[in-house]
Amino acid sequence: MKTVEGCLIIMSGPSGVGKGTIRKALMNDTSLNLAYSISMTTRPKRNGEINGVDYYFVSHEEFEQNIRKDKLLEWAEFVGNKYGTPAREVERLRALGKNVILEIEVNGAKQVIDKFKDDQKLITIFIIPPSLEELENRIRARSTESNEVIEKRLNKARNEMKLKKHYQYIILNDDPNRAALEIANIIKNH
């Protein structure tokens, strides 16, 4: 019996919107048959992050090598660090019938959407905050970055919000559990 290829689920939104919290809630729903695609990054680990769980933390040289060898589905640079999605793992998980979640920023999402635009199993979701003020509060509450980096993230967020029209679904994250339930229903109905 042949395994049916799983869906490719892109979940994007501005930094601090709660993508990770929503993803973790979704991963607890075993009926969704989800697998999380772990991104590769050159940024330093934050407290509590684990290599191979939260990200694959690599050097700039290793990241560049992956770009040259076309081993990334997408990649982007932000605040001096690079982020990307290893292609082989996504292909392997989908071939196993898993629905794969990519939690990526909008430039990377555009690359994947362009590559998979004819894939009937592509689901694109953009998460929005209740307001930009609330988004700023969330980012500042992390206390992990300088004011300069926070301002860059907020400017980027304002620009990213303009791109939400390119996604199939726009989900308000006023409550992560409610947002996760809404996304779970989208996946089940797809």
Would Arg23 and Tyr36 count as a cation-pi pair here, with the cationic atom under 6.0 angstrom from the ring centre and within 45° of the axis?
yes
Exam field: side chain [X] to backbone [Y], donor-acceptor pair closer than 3.5 Å:
{"X": "Ser15", "Y": "Arg153", "answer": "no"}
{"X": "Asp29", "Y": "Ala184", "answer": "no"}
{"X": "Lys115", "Y": "Leu73", "answer": "yes"}
{"X": "Lys164", "Y": "Ile128", "answer": "no"}
{"X": "Glu74", "Y": "Thr85", "answer": "yes"}

In terms of hydrophobic clusters joined by side-chain contacts under 4.5 Å, are Leu181 and Ile123 together?
no
Evaluate salt bridge (charged side-chain N to carboxylate O under 4.0 Å, His left out) for Lys71 paired with Glu64, printing each intermediate quantity in order.
CA-CA 10 Å; Lys71 291 186 174 185; Glu64 289 296 327; over 6 Å; no
For Ile22, which of Asn173, Ile101, Val17, Ile125 qualifies under side-chain contact (heavy atoms from CB on, under 4.5 Å)?
Asn173
Regarding Asn155 and Arg158, do their side chains bring together a donor and an acceptor under 3.5 Å, going by distance alone?
yes
Would you tell me whether Thr124 and Tyr169 have side-chain atoms, one donor and one acceptor, within less than 3.5 Å of each other?
no
Qualifying residue, where the test is salt bridge (Lys or Arg N to Asp or Glu O under 4.0 Å) with Glu5 and the options are Arg92, Arg94, Lys98:
Arg94
Counting C-beta onward and ignoring hydrogens, is there a side-chain heavy-atom pair between Ile38 and Val53 closer than 4.5 Å?
no
Return each pair, listed once, that meets side chain to side chain donor-acceptor pair (under 3.5 Å) where at least one residue sits in residues 177-190; pairs must be two or more places apart or across chains.
Asp174-Arg178, Arg178-Glu182
Electrostatic pair Arg68:Glu62 at N-O distance under 4.0 angstrom
no
